[in-house]
Asks: 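My structure is below; once you've seen it, I'll send some questions.
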Amino acid sequence: MDFNFTEEQSMIRDSLARLIREQYDFETRRSVVESDAGWRPEMWAQFAELGLLMAPFSEEDGGLGGGAIDAMVVMEEFGKGLVVEPFVPSVVCGGGFLKHAGSVAQKEEYLAGIMSGEQIFAFAWAEPKGRYNYADLETTARKDGAGFVLNGHKAVVIGAPWASHFVVTARTAGDRRDRAGVSAFIVAKDAAGVTTRDYPTVDGRRASEVYFENVALSSEHLIGEVDGALSLVERVGDEATAALCAEACGAMGVAHAQTVEYSRTRKQFGVPIGKFQVLQHRMVDMFMEHEQSISMTYMATLKLDEPEIERKKAVSAAKVRIGQAGRLVGQQAVQIHGGMGMTEELAVGHYFKRITMVDSEFGNVDYHLKRYTDLCAAEMAVAAE
Amino acid sequence: MNLEFTPEEIAFRNEVRAFIEENYPDEIKGLGAREDLTREQFLAWHKVLGKKGWSAPAWPEKYGGTGWTATQRYIWSEENARVDAIMPLPFGVSMVGPVIYTFGSEEQKAQHLPGIRSGDVWWCQGYSEPGAGSDLASLKTTAVRDGDHYVINGQKTWTTLAQHADWIFILCRTDPDAAKPQEGISFILADMNTPGIEVRPIITIDGSHEVNETWLTDVRVPVENLVGKENEGWTYAKFLLAHERSGIAGVARSKRGVEKLRQIASTELIDGEPLISDGEFARKISQLEIDLTALEFTELRTLARESQGKGPGPESSILKIKGTEIQQRLTELTLEAVGNYGAPYFRGFSEDGSNEFGIGPDYAHHAGPAYFNMRKTSIYGGSNEIQRNIITKMILGL
């Protein structure tokens, strides 16, 4: 057992933290988030230059030989800086599909672009009526000779306005919600029949509703097995979830630290409010939630390559814990800041918003508590046999 | 970062597992740690471990520790929890032992450490007083120098299992005029057979006799029994409390507890189906297990820091609070799980595997008392509110 970071991982953390400190201060971020573009492509280029976008890929694939731990390190720093650029959609999700299931040709065509930052992926899996179930798909890819015809509507695709490509899940066989019959495709955003409606999210990012109308795809666009991609989709979803947990840890740490600092300076009844025991103990609770979230993020990230049931249980456990921790830390950070916590002007409210939205991405507390419980039942059934 | 055991660690696990299988005493198999065991039952495994040299793993090797790494200690507690082992009690091994080898004289080390390791000498803790609980430094018991002796007067309370004890370590006030309550306290060892020491039972809400009042009336103790320096006992007292906190999380034992709870919930029926298939209840177990995983990995991070020679990090203060909350919730859910049969109560009933009263399932008999008893955990060892004060001061810096 080893909880140490490698020298490379520490270097990534330090150089990214410096870059964010120098070029991603809160006021700069606010003006970027409110600009038309909503992000800074030049920032993405700098991330690429630092090697962040190639860090989690093997040397064989042209990466730096890291993995999920490297993505965790990056996302924790992104969380601290409320970075909006699409590392999870493009590197963790897009890159994850290619890493696990891409053909040599697909890796050549796309993975190099993801790592250089020239191509940006978004993961179009959610649908208006599917909630968190990857198999609850109305989007279809009808088999048509050697190819497919894609039709459907994907909901709240994070980072889609900045993307060049999508990974799209669609039903190619079976009935709605069947585990079998799900396939995944790489679709260029400029392909004929693809339209998007772009919008900002409550936490300062950008997303799109994405519509596919008779989009013609060839078998080269297929990633993973035809009709059998659900396990792959779940695996990438779990990797994205673990990375989001790391982001939440970064954001929670800052929200907590800012709250403690505020309580030191804000005076009421003639004393700093940090002298009140009721607030002290609440800030201790926030601290404990944050520390345990870090523990759970390590746990889940270290178990991403375990057999499926163990991986899913680990990721769900982490997402449950971090969703709950985020509620407490976010709400109490605003509460202890009092009226000031309600203002746009203070950073703490922005951390609160980001932490809150992490819970509803890739399955919230209720979803993951149920998934965990169902997996325990499945394990017990197997053990009983 | 990785979670894998090295081949050496796997070999160690196999060695430990085999040793436990071959040597865990038959007469205490299946009993589990409980407050109403006999002295012999409490000490049976401790004595085997003493002979093996494994009764005090965390001690420095020169005093009889094992020199195990943090991971080895983790494996050790996991393997013992597998068989519900009755482990050496903390009062000697985890509390007074480290104080003696750190601050005691060579004579004290020679006199006391072997008995603590072997399990031949039982220690109890003279800390709390009727007027000094969480505010420990307000203690009033006095020790007055009289020639070659201290004369101790006062009353200690919550003295756990003092009815079995051979020796007691007592915090006494030796300088009544000290400027601060923390100053003027001394740490003194006393033989329980010394005239003037009287132990009276306190029966707790679970009906058990686990704690006592210890009355000290003109107890004459040789001055050689003072540990370290006179009036500096508070430093040793705090050192002891920090040692008490390590291992207090009880992760391995709670993991075993979750397994047992799952078995109970698989047996109990609700509308003809196992309780475990009821979504509401199953999710409560899941939540408990998830919180336990968070505690486990927080403890592992702490152990990793310690094994690198860094002191316990900020995470370690979480272990007492979260560990005890989980132990309490475990008994709470067990009581919920057994339903109606949580109610029957037989004073003095001993859970020895037989069901002499023939009422309800065996696993239900102790559910109520266990739940009531475990409320102590958030009160003792520095109440969980005191732990939050410690974190406020030491970590948040407020």
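Lettering of chains follows the sequences in order, A, B, ..., and the numbering in each one begins at 1. If you're wondering where the values come from, they're calculated on a predicted model, not measured in any experiment.
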Asks: Examine distances only and state if a side-chain atom of R301(B) and a backbone atom of E291(A) form a donor-acceptor pair shorter than 3.5 Å.
Replies: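 Here the side-chain-to-backbone pair exists.
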Asks: To the nearest 0.5 Å, what is the distance between NE2 (H368(A)) and OG (S286(B))?
Replies: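 H368(A) atom NE2 to S286(B) atom OG measures 13.5 Å (nearest 0.5 Å).
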Asks: Atom CG of L300(B) and atom CE of M1(A): how far apart are they, to the nearest 0.5 Å?
Replies: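 Between atom CG of L300(B) and atom CE of M1(A) there are 5.0 Å.
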Asks: Is it the case that atom CZ in R282(A) sees more than 12 heavy atoms from other parts of the structure closer than 6.0 Å?
Replies: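 Atom CZ in R282(A) is crowded, with more than 12 foreign heavy atoms closer than 6.0 Å.
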Asks: Which atoms of A304(B) are under 4.5 Å from chain A, going by heavy atoms: the side chain, the backbone, both sets, or neither?
Replies: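 Side chain of A304(B) only, per the 4.5 Å heavy-atom cut-off to chain A.
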Asks: Does atom CG of N2(B) have more than 12 heavy-atom neighbours, drawn from other residues, nucleotides or ligands, at distances under 6.0 Å?
Replies: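 Check passes, neighbour count above 12.
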Asks: Side chain, backbone, both or neither: which part of V260(A) has a heavy atom under 4.5 Å from chain B?
Replies: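 Both backbone and side chain.
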Asks: With rounding to the nearest 0.5 angstrom, report the NE2 to OG1 distance, H281(A) to T392(B).
Replies: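 The NE2 atom of H281(A) sits 5.0 Å away from the OG1 atom of T392(B).
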Asks: Out of curiosity, M380(A) CE to R262(B) CZ, how far, rounded to the nearest 0.5 Å?
Replies: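 Going from CE on M380(A) over to CZ on R262(B), the span is 6.5 Å.
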Asks: Quick one: of D285(A), T301(A), D374(A), who has the most non-hydrogen atom pairs under 4.5 Å with chain B?
Replies: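 Ranked by contacts with chain B, first place is D285(A).
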Asks: Nearest 0.5 angstrom please: I290(B) CD1 to K319(A) NZ, how far?
Replies: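 Spacing of CD1 (I290(B)) from NZ (K319(A)) equals 12.5 Å.
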Asks: Please name the pair of heavy atoms, one in S295(A) and one in A294(B), separated by the smallest distance, quoted to 0.1 Å.
Replies: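 Heavy-atom minimum between the residues: CB-O, 3.9 Å.
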Asks: Can you tell which part of I69(A) gets under 4.5 Å to a heavy atom of chain B, answering side chain, backbone, both or neither?
Replies: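 Just the side chain, heavy atoms under 4.5 Å.
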Asks: Using a cut-off of under 4.5 Å on heavy-atom pairs, state which of L303(B), T71(B), T6(B), T293(B) scores highest against chain A.
Replies: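 Of the options given, most contacts go to T293(B).
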Asks: Heavy-atom distances under 4.5 Å only: say whether Y298(A) touches chain B with side chain, backbone, both or neither.
Replies: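 When you check distances to chain B, only side chain atoms of Y298(A) fall under 4.5 Å.
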Asks: Select one option (side chain, backbone, both, neither) describing which atoms of M72(A) are under 4.5 Å from chain B's heavy atoms.
Replies: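 For M72(A), the contact with chain B is made by the side chain alone.
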Asks: Between I294(A) and F297(B), is any pair of side-chain heavy atoms under 4.5 Å apart?
Replies: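 Not touching, per the 4.5 Å side-chain cut-off.
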Asks: As an exercise: rank K303(A), K370(A), K313(A), R264(A) by heavy-atom pairs under 4.5 Å with chain B and give me the winner.
Replies: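 Maximum pair count with chain B is reached by R264(A).
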Asks: When you measure from the side chain of R388(B) to the backbone N and O of Q277(A), does any donor-acceptor pair fall under 3.5 Å?
Replies: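 Here the side-chain-to-backbone pair does not exist.
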Asks: Give the member of E4(B), Q287(B), E9(B) that has the highest number of heavy-atom pairs under 4.5 Å with chain A.
Replies: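 Of the options given, most contacts go to Q287(B).
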Asks: Supply the atom-to-atom distance L396(B) CG to H256(A) NE2, rounded to the nearest 0.5 angstrom.
Replies: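 Between atom CG of L396(B) and atom NE2 of H256(A) there are 5.0 Å.
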Asks: Please find the pair of heavy atoms, one from F5(A) and one from M1(B), that lie closest to each other, and give the distance.
Replies: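 So the two residues come closest at CZ-CE, 3.4 Å.
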Asks: For chain A, find which of T69(B), L295(B), N389(B), I321(B) contributes the most heavy-atom pairs closer than 4.5 angstrom.
Replies: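 It is N389(B).
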Asks: Provide the closest heavy-atom pair for G274(A) versus L398(B) in the form atom of the first, atom of the second, distance.
Replies: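 Closest approach of G274(A) to L398(B): O-CB, 3.9 Å.
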Asks: Surrounding CE of M340(A) (heavy atoms of other residues, nucleotides or ligands, distance under 6.0 Å), is the total greater than 12?
Replies: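 Buried by this count: over 12 neighbours within 6.0 Å.
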Asks: Assess whether atom CZ of F19(B) is packed by more than 12 heavy atoms of other residues, nucleotides or ligands within 6.0 Å.
Replies: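 Yes - once you tally the heavy atoms of other residues, nucleotides and ligands closer than 6.0 Å, there are more than 12.
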Asks: Heavy-atom cut-off 4.5 Å, strictly under: side chain, backbone, both or neither for E306(A) against chain B?
Replies: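 Answer is neither: E306(A) stays 4.5 Å or more from chain B.
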